[in-house]
Every structure is written in C-alpha cells, then in structure tokens.
S.K.: 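Quick one: the structure is below, questions incoming.
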Amino acid sequence: MTVMEFFGCTFITFGPPFALFLFTIARDPMRVIVLMASGFFWLCALLMSSIVWFAMVPLRDHLAFGVVCSVLLQEIFRFLFYKILRKANDGLLAVSQQTTEQHVTPKDFSNRHIMAYVSGLGFGVIAGTFSIVNVLADMSGPGTIGIEGDSKYFFLTSACLSLCIILLHMCWGVIFFSALDKKQWIRVGMVVTAHMLFACLSLVNQASSSDNSEVYLGSLIPSYLLLFGSGVAAFLTAGGSLVNLKAALICRRGRYEIE
Amino acid sequence: MDLRRVKNAEKLVMCRRYYLAGFFALPFLWIVNSVWFFQEAFRKPQYTEQAEIKTYVIRSFIGSVIWLAIVIVWVTIFQLKRVDWGSTGDALLFSIPHGSA
Amino acid sequence: MQWNSAGSGLMREDLGIPVFALSDESDVFKVLHKCFFKFNLREKNETAREYPLCAAELNTKMYAAIDTETCLRRSRHFSFLGKNELCDPMGDKNNHVTMLNIPQNETRADDSVIVVGARLDSASLFTLEYQASDTSVTGFVSLLAAMEALWKVKDKIRKTKNAKDIMFAFFHGEAYDYIGSSSMVYSMTQGTFPQDLDHGLHLHKIQLQHIHQLVELNQVGYRDNEGSLWLHTDPNNRKTKLAQIQKMIDGLQDATQGLNVTLQEADATLPLPPASSQRFLMEQSDIPVVVVTDHQTQFTNKFYNSRLDLPELINATDYSPDLSKADKYDHVTKQAELIAELSTALARYLYQASTGAAPDATTEQTLTANSSTVTHMLYCFLVSPNCELFKETVSPVNAESLKTTVLPYPFYVGVYSSQQTRELSTLVYSLMARFTGDKVDLSESDCKENENDKRYSYLYVQGTLKGKGQEREGWCLKSLVHKSDALSPAFIIDGYDWKSGKYSTWTESRWGGESDSIRVRLFLVPSKQLQVSILVFGIVVLVLSLLIVYWCSIHATHIFTNRLTGSGTQSTYSPMF
Amino acid sequence: MNYQGVTFPILLMELHPFLQISSMNTGDPLASDPREGSPTERTGLMSGNQTSNTDRPSYRSSASDSPTMPETSVNANETAVVGDSNSNRRSRRPREERTRPDSASASTGEDEELMYGAKHVIMLFVPVTLCMMVVVATMSSITFYTQEQNTYFVYTPFQDQEAPTGTKLWQSFANAGIILCAVIVMTIVLLMLYKYRCYKVINGWLIVSSVMMLFFFSYMYLEQVMRAYNSPLDYITASLIVWNFGMGGLFCIHWKGPLLLQQAYLIIISALVALTFIRYLPDWTVWTVLGVMVVWDLVAVLCPKGPLRVLVETAQSRNEPIFPALIYSSAMVWIVTMADDGGRSKKKKKQETKDTDNNADEEDDDGGFKEHMANGISGHSLEDSVAARSAFQALGDMTQAQKDSSVHSSCVDPLSYYEKSEPQTNLAFSESNGNIQDEPTMQRQAVPEGAVGGAVAADESDVSVRSAKKKQKKRARPTGEGASAAGGEGEPSGGEQQRERPAVPGASDDASEMEEERGIKLGLGDFIFYSVLVGKASSNGDWNTTLACFVAILIGLCCTLLLLAMFRKALPALPISLTFGLVFNFATSALVQPFMDKLNSEQVYI
C-alpha cells in the first residue's frame with residue numbers, strides 16, 4: 001500500500017493505544033510489566049487455539065471453528081491471568097497498607113481496576129497488533145490491494161477493526177476482572193458473549209470484495225456499537241458516572257489535581 | 001558517569017581532556033564536551049574551575065560548529081562534483097553507488 | 001550511405017525507463033485482462049476511469065553507470081566485502097578452420113590464405129528475445145554448408161601443389177562494433193593467430209600479409225525478385241587491388257553457372273556495407289575484399305538486428321500445416337534450397353581460387369552443398385535446437401541442457417568469459433568439427449588434444465543413433481577447427497584510450513541480485529483523495545485520542561470515584577491514573 | 001533513556017537480584033557472554049570489602065590476614081539488621097520526599113522486591129528493547145545480514161547449505177558443540193591466567209581489542225548501510241565518522257563520558273555483535289547455539305562444579321579477593337580506595353587527583369594500587385574499570401588469537417576479528433556498567449555481589465545480603481562503623497566522603513541514590529543473545545514471530561528476576577528467556593502464523 005495509507009492505518013490502529021500507554025501506563029513500571037505479562041498470556045492463548053485449529057485438519061478451512069475455540073481460550077487465559085494477578089496483588093496489598101505516603105505502585109495494587117484495565121489493554125494491544133502488523137508489512141510498496149478483487153477499503157477496515165478489538169479488550173478486561181471480584185458470573189458471561197459476538201461478526205468480512213464493500217459496514221457498525229456498549233459498561237464498572245463526567249467537564253482544569 | 005559526583009578539579013581535567021582530544025579531528029568529542037559540561041559551565045553556582053571549564057566549553061562548541069560546517073560543505077561539494085572529477089571522484093568513493101552516476 | 005533506413009536505432013536510445021517484452025502469452029493475458037481492460041480501458045465517451053487504476057512496477061536493477069571506462073574503474077574499487085563488479089566486457093569466441101595444416105616450422109607464403117567469413121551474432125533489444133534469421137543465420141549457415149561441400153574434396157586441394165590455404169572464419173560479437181573480427185585482426189597483427197603457442201607442434205601463424213583475399217557472407221536471406229545477390233566492394237580497396245577484386249567477382253559469378261543463384265556486382269561507387277571485412281581493411285587496406293549480401297543499397301531486411309527477424313519472413317519455415325515435428329525437420333525449405341545453391345557456388349569458387357584450376361566434372365558434382373543439411377541447420381538454429389543434427393553434434397556434456405531447451409539459442413554475444421563459450425559458438429564449432437574433421441577411433445576419455453601435436457583439436461560428440469535404440473555411437477572428431485577469443489582489443493591493450501573509438505568498448509552491466517531481481521508487479525493505485533483522507537483520518541484519530549486520554553488522565557480522579565478498597569487518597573482508585 | 005530517568009532510593013534487597021543476574025550473565029569470556037568475570041569479580045569485591053578495613057595501604061596483605069572475617073562480621077550485622085533498617089528508612093524518608101515527591105518508600109520482604117524490582121525490570125527492558133530494535137531494523141532494511149552467504153566463523157566448520165535436514169541437524173549441533181568447547185576453553189584459560197597473574201599482557205590486549213572492535217565494527221556497518229541505501233559516501237567523511245565514533249566510544253566506555261552516551265555505545269556494540277552472529281553463523285547453528293547457551297548457562301551457574309564456582313573456590317582457597325588478580329575489577333579497586341579514603345584526609349586525595357587518570361595502566365603492580373588507594377574515588381572507579389574492562393577484553397582477544405591464529409585464511413580473517421571482538425564487547429559491557437556506577441553503589445554492591453559470587457554456596461549469600469543492607473542503612477551514621485562490621489567499613493566512609501564533597505550539598509545523596517539505581521547490571525551476553533534470537537526470528541519477514549519472541553523474552557526476563565527475588569540464589573538469566581523465545585519462535589512460525597495469515601486475509605478477528 002502507499003506510504004500515506006500505511007501511516008494512516010498505523011495511526012488509526014495504534015494511535016489510541018499509544019495515547020493510553022503514554023499517559024496512563026508508561027510512567028509506572030508495574031503497569032508496563034503487567035501489560036507485557038497480559039500480552040504474553042494472550043500469546044499463549046493464541047498458541048493454544050492455533051494448535052487446536054491445526055490439529056483439526058478437516059476444519060482448518062472453516063475459520064468459524066478456530067475462531068470460537070480461540071475466543072474461549074482467550075477468555076480462559078484472561079481468567080488465569082486474573083488469578084495470578086490477584087495472587088500477586090494480595091501480597092502487595094499488604095505492603096501498600098504499610099505505606100502511608102503517596103506512592104504509585106502499592107496504589108495500583110490496591111485499585112483492582114487499574115490492573116484490570118492494564119491487563120485488558122495488554123490483551124488488546126497484542127491482539128490488535130497481531131491482526132494488523134503483517135497486513136501492514138506485506139503490503140508495503142507503491143500499490144494498494146484490490147487487483148485480485150479485494151475491496152479497496154481492506155486496509156481501512158482492517159485498521160478500524162484492529163483498533164476496535166484493542167479497545168474492546170480493554171473494556172472487557174475491566175468488566176471481567178471486577179465481575180470476578182464480585183463473583184457476578186452473569187457479567188463474566190456477558191464479556192465472553194460479547195467477545196464471541198465480535199469475532200463472529202468479523203466472519204462477515206469474508207464476503208467482502210471489490211464490488212460489495214458495504215459488507216464491511218455490516219461488521220464495522222455493530223462492532224463499534226458493541227464497543228460503545230462495552231465502553232459504557234466498563235466506564236460504569238470502573239466507578240465512572242455521567243455526573244462525574246459533567247463535573248470533570250465543567251470543573252476548571254487542574255483544580256482537583258492531587259499531584 | 002554523573003558529573004554531580006565529580007569533584008570540580010576532576011571536572012576540569014575531564015573537560016580539558018575532551019577539549020584537547022577534540023583537536024585530533026574529533027569534533028564529536030567537542031560536541032559531547034559542549035553539551036555535557038554546559039550545565040557545569042553556565043548553570044552551576046560559581047566555583048574556581050568554572051571559568052576555565054566555561055572557556056573550554058565555548059571553544060569546543062565553536063570548534064564543533066566549524067567542523068560541522070566544514071563537513072557539510074565538503075559533502076555537498078563532493079556529491080555535486082564527484083562525477084565531473086572522474087577517476088579522482090571514484091577513488092574517493094567509500095561506497096560505490098549502483099546504477100547511478 | 002545509410003544502409004538500414006528502416007532501422008529506428010531504438011536500441012541506442014536511452015529511454016530512461018525499463019522496457020520489458022512479454023513473450024509468454026499467459027503474462028500478456030494477465031496484463032490485459034487482470035489489469036488493463038478491467039481497470040484502465042476507457043470507453044469512447046469516457047474521459048478517464050476513476051480510481052483505483054491499475055499500474056505496473058518494472059524492476060530491472062542495473063549496476064553500471066555512465067560509461068565503460070567509469071564502470072570498469074569502479075569495478076576495481078576495493079571494499080571490505082571484496083570487489084563488486086559493475087560491468088563485464090562483451091565478447092565470446094570466434095571459430096575458424098583452415099584447409100591446410102601448415103605447422104609453424106614450415107613456411108606460409110604471403111598472400112596464400114583465402115579467408116571466407118561470416119558473422120555469428122545479431123543484436124536485439126531484449127534478453128532471450130533474439131531472432132537473427134536473415135541478419136546472421138543465413139550467412140553462416142551457407143558458409144557452413146559450403147565448408148561441408150568443400151571438405152569433401154579436401155584431399156584434392158591438399159594434394160595440389162602450392163594450393164592456397166582456405167580459412168573459414170566465424171566472427172562473434174559483430175553486432176557490437178565488430179568485436180570478433182577486430183580481435184582476430186588484432187591477434188593477427190600480434191602474431192598470436194590462430195594459436196597463441198610458442199612451443200610444440202602447432203599451426204603456422206596467419207598474419208594479415210598472408211591473406212590473399214577475403215570473401216564475406218552477410219545477410220543472404222532476402223533476395224530481390226530475380227533472386228540475385230550482390231557483390232559489394234570497397235572503393236578505396238578497388239583503387240589498389242582492382243585486378244584481383246575483378247578476378248574474384250568474375251570467379252564468383254562463373255561459379256554460379258548452372259546454379260539457381262545470380263551474383264551481381266553492386267555499384268562500384270557504393271561504399272562497403274557494414275561487414276567484418278571493414279576491420280581487415282581498416283588494418284590493412286590492400287586486402288581484396290568482396291562482400292556477398294542480398295541488397296545493393298538499402299537493407300532488404302526490414303528487421304535487421306531485430307527480434308522480428310523471423311524465419312517465417314525468409315521462407316525458412318514454409319511448412320505445410322500438417323507436418324509433424326520430424327517432417328518439419330527434414331522438410332527442405334525454399335530458403336534452404338537457395339542457400340544450398342549459394343553454398344555450392346561458393347564452394348566451387350573457393351576450390352577454383354585455391355587450386356587455381358576449375359574443378360573437373362566429378363569434383364564439381366561432389367562440390368555440391370547438401371540442401372538437407374542446410375535445412376537441418378536452419379531448423380536447428382531458428383526453430384528448435386532440440387533436433388537430431390544438434391543431438392548428434394553436441395558433446396555428451398551438453399546433451400542434457402540441449403534436451404531441455406525449447407527456444408532457439410540466443411544470437412546475442414553476451415559477456416566475455418575466458419572459460420565459457422556460449423551455445424551458438426559452441427554449436428558452430430562442433431558443426432565445423434563435424435564437417436571438416438575425420439572420425440578417429442578414440443574413447444571419450446582419450447579424445448583430447450595431443451600434447452606434441454597441437455595443430456589438431458579433438459572433439460567428442462554423441463554421433464548418430466545406434467540402430468533403433470537410444471544409444472549413440474559417439475564420435476571423436478579430429479580437425480583443424482580452432483577457437484579464438486572474440487574480445488575487443490580495447491580490453492586487452494592496457495592504457496587503451498577509451499575515447500579513441502578505435503575498438504569496440506561495449507560492456508554489459510551486472511544485473512540486480514536476489515534482492516532486486518528483474519520483475520514486473522501489477523497493482524492498483526488508489527486515488528489521491530482516498531489516500532489523503534485515510535492519512536488525515538489516522539492523524540485525527542491519533543491527536544484526538546492523545547487529547548482525550550490526557551484529559552481523562554488528569555480528571556480521572558473525578559471521573560472515576562468508586563471506593564473499592566478503603567485505603568489511601570481518592571486518586572488511588574482511578575483505572576485511568 | 002530510562003536508566004537515569006528513574007530516581008528512587010534503592011535498597012540492596014532489590015539490587016541484589018539484578019546483581020546476581022548480572023553476575024551470572026556477565027562473566028563468560030568467550031561466548032560473547034561475560035557470565036564469568038563479574039561474579040568472580042564481585043566475589044573479589046566481597047572479600048576485598050571484608051578485609052579492607054584491616055589494612056589500608058595494601059589490599060593483598062589485608063586479604064591475607066583475615067580469612068574468617070566475612071562470617072564473623074556478617075553475623076554481627078545480621079542481628080542488627082531488621083530494626084535498624086526500618087528506623088533508618090524513616091530517618092531518610094523526609095529527604096527523599098523533598099528531593100523526589102514521587103519517590104518510593106521501602107519496606108521489607110519479597111513484596112518490596114517485587115515492587116522496586118518493577119522499576120529495575122523496566123530499566124532492563126528499555127535497553128534490551130532498544131538493542132533488539134536496532135538489530136531488527138538492520139535485519140529488515142539491510143539485505144547483507146539476511147542474504148545467503150558462504151563465509152562463516154571458523155568455529156563453524158560444517159555449513160553446506162543444501163544438505164538433507166538430518167545432516168544439517170547434526171552439523172549444527174557439531175558447530176554449537178565447537179563453540180561451546182571454545183567457551184569452556186576460554187573459561188579455563190581465564191582460570192589459568194588468573195592463577196599466574198599476567199596482568200600486563202591482559203591490559204595490552206585489552207585496549208587493542210576494544211579499539212579494533214569499535215572501529216572495525218562501525219566501519220563494516222557503515223559500509224553495509226551505505227550499500228543498502230545505495231548512497232555514495234566519500235572516504236574522507238566515512239573515515240571521519242568512524243574515527244569519531246570509535247574515539248568517542250573509547251572515551252566513554254574506557255574513560256569518562258556521559259552516562260547516556262556510554263549506554264548508547266554499549267547497546268550499539270551489542271547490537272553489532274548480535275548482527276555479526278546472525279550474519280556469520282549458519283542458519284541452523286544459530287538456533288542450536290542458542291539452545292546450547294541455555295544449557296551452558298545453567299551448568300556454569302548452578303552445577304556445583306560449574307566454572308564460576310571453581311573460580312570462586314580457587315580464589316577463596318587462595319584467600320584473596322578473587323578478581324584483582326585476573327581482571328582489574330573496578331569494584332575491587334574501589335574497595336581498597338574506599339577503605340583508603342575512609343582513612344585519609346580529603347586533602348591527600350585532592351593532590352593526587354591530578355594523576356589519577358594516567359595510572360590506568362599500571363594497576364597490575366601493587367605499587368599502582370597504592371597510588372590508587374590514595375586517589376580520588378570517582379576518577380578511580382572509572383579508570384580502574386577501564387583497566388578491568390581492558391583486562392577482560394584482552395583475555396578474550398588473546399586466547400582467541402591463540403586459538404585462531406593458525407586457522408584463518410586471509411579471507412576469513414575479518415571474521416576472526418569478529419569472533420575475537422565478541423567476548424570483549426560483552427565484557428566491556430559488564431565492566432562498563434561498573435563504570436556507570438559510582439563508588440558508593442559499588443561499595444554497597446560489593447557485598448551482595450560477593451554473595452553472588454558465593455551464591456553457589458546458598459546460605460552465605462543471604463547472609464551477606466543482610467550485611468549489605470545494614471551497611472546501607474548505616475550510611476546516615478558515619479561513626480563507629482569500623483568496629484561493628486567489617487563489611488560496613490568502607491561504606492560509611494564513602495558516605496562521609498560524599499557529604500564532604502564540595503558538590504551541591506543537596507545533590508550528593510540523590511546522586512548517590514541515582515547511582516545505586518543505575519547499579520543494575522545485565523551482561524552484554526544477554527543483550528546479544530536476546531537480540532540474536534529476535535533478529536533471527538525477524539529474518540523470515542514475519543512480524544508476528546518477531547513480536548512473539550520479543551514479548552516472550554521480556555517476560556522470561558521478568559520471570560528470572562521474580563525467581564531471583566524469591567529465592568536469593570544465583571540464577572542464570574538466559575535460560576528462561578531464551579527457552580520462551582525459542583519456543584515461541586518456532587511455535588509462532590509453524591503453528592500460529594498460518595492461522596493468523598488466514599485470519600488476516602479473511603479479516604476475521606479473534
């Protein structure tokens with residue numbers, strides 16, 4: 001694809017996560033490590049699912065199967081990661097109680113949402129990257145896709161969907177973890193279903209071609225609706241509320257700042 | 001190393017060395033020197049060696065600027081003229097361009 | 001005098017862009033139907049198709065630049081990873097055979113060698129897209145045929161008291177400023193011709209003063225309507241050697257008696273057409289020279305040095321449609337007949353010129369070129385090298401590669417290599433060995449050059465099939481055929497002035513390695529506004545997200561205010577901070 | 001770079017694992033993995049530290065007279081540790097807050113290590129990542145490193161490209177075996193050299209080799225880059241660039257230079273070495289070598305007869321600081337220096353500061369030492385570290401030279417240079433880290449390092465750690481140290497000395513703490529092998545594989561640190577990371593990639 005397309009798509013996919021990383025994660029080593037670790041867990045999940053996909057020789061061409069498997073596996077690994085994180089967390093919570101002073105690291109462990117968010121983002125970033133990076137790399141060059149009859153919006157949709165899944169994972173991370181904390185199995189189920197829904201929606205893209213790029217809308221719109229839904233859910237889970245938002249909006253910037 | 005840990009005398013020695021070394025066609029050391037000791041020379045409260053350090057820093061800055069200018073000029077001239085220079089131009093080539101003059 | 005007015009000199013143009021020739025139909029189909037018709041073809045009323053349009057990227061990375069002098073100089077440039085060669089001089093091997101085997105210890109009188117020459121190669125714009133039916137093939141095939149005919153009576157000639165020696169020479173690289181002929185002339189002047197040996201028994205040196213006359217065959221494929229060929233001579237040459245030249249012309253014309261070929265003397269005022277002889281004359285202008293071509297003034301061949309110089313156009317493939325491959329091979333084409341006649345005439349002339357006496361009736365009968373051999377050669381050189389004649393004539397080593405070859409071997413001289421010889425030259429060499437050599441009873445391993453008699457070269461070829469089986473007889477051919485370097489003296493003389501233009505200085509650039517190989521890529525180009533809009537969208541997303549996230553991370557403490565765990569200040573509970 | 005960006009006071013407890021790591025990975029003289037030198041060096045540190053108080057002027061005599069010193073002193077500290085440390089921290093906190101509002105407080109126990117470990121993990125992540133990025137970028141842009149070639153190390157005699165898989169396999173193992181043997185040989189040579197103290201020799205080679213490396217590597221690399229981008233550069237500019245780069249490197253690494261620059265140089269160097277590996281090792285061999293390295297690392301570190309241990313034991317049996325004999329361990333000399341400074345007046349130091357720099361090369365004789373002891377500290381650490389580094393490199397070089405001199409055909413020669421240069425680089429790295437730190441750090445590191453050295457004997461390490469911790473706490477109280485703990489002796493004096501320094505008063509402590517922060521060491525060997533793995537993974541043009549390897553390796557690093565935090569036992573850093581890396585490399589390229597490709601092309605998201 002052309003240079004412009006390349007950068008465009010790169011920004012679309014990695015802009016928001018980059019911003020999130022920059023402002024909320026980079027400054028705290030613990031978060032960076034958790035981000036890495038969750039990414040690693042996602043990798044393991046992916047590895048498992050691809051093994052399954054590989055083993056099921058007859059079903060290799062039916063992606064649906066592989067997709068379902070991997071969604072389930074991902075959620076399982078998310079759960080495992082939750083377990084591990086909480087183990088470390090409890091240990092560290094003890095520590096943080098001792099310290100009366102202002103400090104980032106114990107704070108993180110005391111606040112479960114942060115780690116939930118970070119690990120969710122970790123899942124998302126690695127998932128999004130895996131789904132887009134080779135597309136970006138392979139198609140370097142002067143031309144764009146489509147001579148084989150693919151839609152000319154291929155990259156755009158790829159980028160947008162990658163972004164979508166990154167953010168979705170982020171939200172799911174928050175919801176999922178807090179749900180587990182509170183033993184609200186329904187919400188856990190919701191997360192899984194949402195994930196499944198998204199994955200299955202993306203199956204629609206297979207039908208896309210140069211003639212009917214509209215297919216993409218069929219997957220993009222619902223995906224982003226889903227994202228919106230999950231976003232709101234996560235927002236509320238994390239203790240956000242419209243009121244707070246308003247307050248934050250009207251308050252003069254910097255008035256409430258602690259640091 | 002961290003300058004804050006170094007005694008002023010030490011700083012002076014280092015700064016001087018960097019400065020002197022720079023004369024052996026080492027503008028890079030001058031650049032380093034001028035950047036590295038900038039704080040020491042201009043931002044720190046007065047101390048005995050500071051004046052000397054300051055001179056070194058300034059000189060090495062000037063020196064590096066001059067060097068930079070020289071290099072830029074030379075490279076431009078070379079790139080523009082090397083084809084006309086023919087064999088000498090080629091003799092000077094560090095890497096032979098493929099498929100272009 | 002402009003000889004090739006049809007020629008556009010396209011090959012000498014610097015187009016500044018790579019040009020590819022797609023000879024494979026599937027490629028052509030791809031370009032047309034996958035790319036052009038689908039995306040680019042405009043309807044009549046349509047001004048322009050809207051994006052995406054189909055584009056192609058041609059990739060041919062050539063290393064050399066500026067000129068031979070520069071690229072050779074740069075090739076000598078040292079680097080830690082060894083030298084990186086940018087270009088190589090062009091050239092290959094000349095082939096030549098002499099009738100008499102005069103060892104160096106005997107004397108070779110001046111003006112005692114009749115040289116008959118023809119060019120082997122042609123030039124063309126595209127790699128592996130060479131057809132030279134008329135440009136060179138007709139010439140050297142008729143020469144080969146004449147050679148075969150003449151060697152039938154070699155004993156007669158050799159027995160004749162002080163008969164003149166006859167040398168058949170095939171020049172390679174002539175299309176690039178006479179590489180072959182100039183290097184042969186140069187080695188003659190240097191006294192290193194035909195064999196650069198100074199010990200052991202080898203052939204007597206041939207130098208320019210030994211040359212008695214020079215007959216050259218150029219294009220002979222396109223005869224004009226009364227099927228006549230033209231005998232060209234050089235005006236300056238006429239001044240000095242008029243008598244001999246006239247003698248030659250008469251001899252040639254006499255030799256055509258009773259044959260279906262007419263040789264007319266071209267207008268004496270005309271300069272000599274482009275021919276290898278020019279090189280001889282340039283070095284020594286008093287060698288009587290006659291050039292036989294199919295045109296008097298303009299080239300009759302519109303496709304001189306062109307990939308369109310096809311056998312069809314010279315009736316070299318006038319097969320009836322129902323012919324099988326084998327039949328095509330054996331079918332004697334019109335062109336073959338014409339060439340055979342010419343060769344016969346040439347052979348008779350040479351016999352007469354060498355011995356000084358016209359051949360008697362029986363000899364004249366034997367001195368007839370075999371038209372089937374001619375047609376075989378035409379078939380093998382122009383249609384398919386994978387033919388019986390070549391199979392018989394190649395050495396077992398090359399047999400394998402021959403089997404797999406489909407297209408005719410290229411008539412492009414290529415780059416010079418001291419070890420290797422290109423197919424064309426090799427094949428001509430072995431054909432010469434076959435026509436002039438005599439089979440000696442030696443096994444393949446023993447069939448090699450004799451240490452103490454270097455005059456003879458030995459070549460082991462597959463030979464004809466034994467009976468019905470695949471087994472071949474295998475011949476060891478002992479002959480006087482020799483190779484000599486066809487490399488422009490410009491690359492031999494050290495301190496040669498590249499600007500002097502005396503010798504050919506053609507070099508071929510090295511081509512891109514595995515990293516940037518020769519390839520064509522077809523792809524779609526998106527419209528500018530699509531690209532720009534994507535980029536802008538991306539940037540907007542980036543900036544927006546930066547702003548929003550920053551804002552959130554500042555106000556996080558107030559956006560997220562739930563109390564999960566009881567310790568510490570508010571700010572410790574935001575997932576955003 | 002993150003290195004000095006973070007400014008937290010650090011407790012030895014956290015420092016400890018990293019030190020162990022570094023010690024475990026910064027010594028191996030040949031396989032471009034100085035896993036060997038440092039630990040021993042640090043053992044040297046320890047004993048040097050313990051013994052230093054008894055006798056100032058000559059460390060050797062001091063070493064000789066108190067063999068049992070460590071245990072006694074350490075135990076003494078042990079009792080005092082806990083309560084002391086807490087109170088001490090309190091006393092310190094206000095200052096910390098003043099200087100750094102966001103600074104962390106410390107607490108006891110594993111958790112603390114986890115938390116503070118986090119910062120250090122990141123501080124390792126950054127350079128490792130940068131190194132990998134350099135390698136991957138080069139791999140993907142410059143074909144020279146990816147294309148098929150037929151020149152290889154002399155170490156790898158077997159290398160026919162189109163052999164059947166079976167052959168390739170055993171050949172690659174053979175190659176790896178040879179390399180491993182070379183490693184072991186070097187180790188032994190190192191031991192020998194250590195036994196018969198030929199410091200002069202070492203020093204000579206040292207400088208030569210490092211010079212050669214800095215210039216030659218950069219030259220080659222520059223040429224590659226220029227060729228890759230087909231840009232005509234002239235010899236004058238090129239030589240100017242190389243000359244400046246090389247000399248800059250010499251100044252920064254071997255003498256004194258801005259921290260940032262030092263780190264940049266070290267990263268670049270290790271990247272270049274990694275690239276060289278990728279380029280000149282046959283395809284399969286690279287993988288096997290990585291595998292072998294994992295094993296070797298484990299053996300060398302954990303096995304009771306591992307070379308590291310042997311070295312340590314010989315040293316202890318000889319009852320002297322282990323490394324001064326063999327390497328000029330910057331740390332070692334520090335101990336002496338510190339101890340010395342502790343005793344001396346600042347005036348004396350001032351006088352001699354002038355000539356600190358020029359006796360970098362005479363450390364081999366004890367006279368040289370005495371001078372150093374008298375000298376200013378900061379200068380010393382550096383120059384001695386120069387010496388030390390040099391010693392190491394020389395070592396690598398020399399033995400290499402012996403090994404290879406017969407083998408090379410002229411064409412192979414550059415390669416032999418490469419080989420020679422690897423061990424040097426790594427060593428250079430480990431040492432130069434020493435360089436990066438300043439004396440209190442070193443001082444404090446000394447003990448845990450000692451622990452590391454002795455970590456093969458598990459209990460001892462723990463003990464000495466505590467003692468170290470104690471020392472650090474004691475910084476606040478300059479007096480009475482000498483009596484209480486031998487280990488502690490050097491330390492407070494260091495503290496005093498800082499305070500006495502005419503530098504900005506407030507800064508001194510922050511500074512010292514920053515230094516501590518930087519005290520983390522990771523062997524260049526790790527950088528190199530990680531980068532080799534990632535670079536090799538990227539060579540097949542699949543970014544997912546590269547990414548997977550990258551994540552896997554970093555996580556492996558985390559795990560190693562975690563383990564170290566848990567059982568205070570010397571652990572090698574390569575095994576976990578490389579195992580993860582290898583597994584994920586092959587798994588991804590074989591299993592995940594087809595799956596992901598299908599998903600990507602169909603735009604299906606999971």
Side-chain angles (χ1 to χ4, degrees), chain A residues 1-5 7-12 14-20 22-24 93 96-97 102 106-108 110-114 116-118 141-148 152 155-156 159 163 174 178 181 234-235 238-241 244-245 247-249 251 253-254 256-259, chain C residues 30 34-35 38-39 51-57 59 521-577:
Chain A
M1 71 174 115
T2 61
V3 183
M4 281 200 257
E5 273 183 297
F7 281 106
C9 293
T10 316
F11 289 152
I12 293 171
F14 296 110
F18 170 73
L20 289 166
L22 194 65
F23 291 120
T24 67
L93 224 46
S96 55
Q97 249 90 55
Q102 190 74 102
K107 181 179 70 193
D108 294 352
S110 66
N111 183 338
R112 298 158 168 267
H113 290 315
I114 294 184
Y117 148 77
V118 170
T144 188
I145 194 167
I147 195 154
E148 299 297 343
K152 62 179 175 179
F155 295 126
L156 196 54
L163 171 60
V174 174
S178 77
D181 287 336
F235 181 73
S241 70
N244 293 339
L245 206 53
L249 277 167
C251 80
R253 192 196 159 295
Y256 299 105
E257 266 155 51
I258 301 298
E259 321 290 300
Chain C
K30 277 203 200 91
K34 273 185 168 292
C35 178
K38 225 164 129 190
F39 296 98
Y51 281 96
L53 295 175
C54 183
E57 183 189 58
N59 189 343
R521 287 203 301 176
L522 295 177
F523 49 79
L524 295 187
V525 183
S527 63
K528 267 277 166 288
Q529 61 266 45
L530 178 66
Q531 299 184 45
V532 173
S533 49
I534 289 182
L535 180 60
V536 170
F537 181 44
I539 293 171
V540 167
V541 169
L542 179 63
V543 172
L544 267 186
S545 51
L546 281 172
L547 292 177
I548 292 172
V549 174
Y550 180 67
W551 183 84
C552 289
S553 63
I554 285 175
H555 297 281
T557 52
H558 297 274
I559 300 172
F560 306 95
T561 58
N562 71 318
R563 307 187 176 277
L564 248 184
T565 48
S567 72
T569 68
Q570 281 200 325
S571 69
T572 59
Y573 300 121
S574 73
M576 297 301 289
F577 174 70

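All values below come from the heavy atoms of this structure, side chains included, with hydrogens, waters and symmetry mates left out. Per chain, numbering begins at 1; letters A, B, ... match sequence-line order.
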S.K.: What I'd like to find out is whether the side chain of C:Val549 reaches to under 4.5 Å of the side chain of A:Pro16, using heavy atoms alone.
M.R.: no
S.K.: OG1 of A:Thr10 to CG of C:Leu535: how many Å apart, nearest 0.5 Å?
M.R.: 9.5 Å
S.K.: Give me the atom names and distance for the closest heavy-atom approach of C:Ile534 to A:Ile12.
M.R.: O-CD1, 4.4 Å
S.K.: Can you tell if the side chain of A:Met4 reaches within under 4.5 Å of the side chain of C:Val532, non-hydrogen atoms only?
M.R.: yes
S.K.: Could you list the donor-acceptor pairs under 3.5 angstrom formed by side chains in residues 522-530 of chain C, with sequence neighbours left out?
M.R.:
{"residue": "C:Ser527", "atom": "OG", "partner": "C:Leu530", "partner atom": "N", "Å": "3.3"}

S.K.: What option among C:Cys35, C:Ala55, C:Ser545, C:Cys54 has the most heavy-atom pairs under 4.5 Å with chain A?
M.R.: C:Ser545
S.K.: Decide yes or no on side chain to side chain contact (heavy atoms under 4.5 Å, CB included) for C:Tyr550 and A:Leu22, but give the supporting numbers first.
M.R.: CA-CA 9 Å; C:Tyr550 180 67; A:Leu22 194 65; over 6 Å; no
S.K.: Counting only heavy atoms closer than 4.5 Å, note whether C:Gln531 contacts chain A via side chain, backbone, both or neither.
M.R.: both
S.K.: Should C:Leu546 and A:Phe23 be marked as a side chain to side chain contact (heavy atoms under 4.5 Å, CB included) after you check the CA-CA gap, both sets of side-chain angles, and the distance that decides it?
M.R.: CA-CA 8 Å; C:Leu546 281 172; A:Phe23 291 120; 3.8 Å; yes
S.K.: Only counting residues at least two apart or in another chain, list the ones meeting ring pair (Phe, Tyr, Trp, His ring centres under 6.0 Å) with A:Phe235.
M.R.: C:Phe560
S.K.: Atom SG in C:Cys552, atom CG in A:Leu245: separation rounded to 0.5 Å?
M.R.: 7.5 Å
S.K.: Decide yes or no for C:Val543 and A:Phe11: does some side-chain heavy atom of the first lie under 4.5 Å from some side-chain heavy atom of the second?
M.R.: no
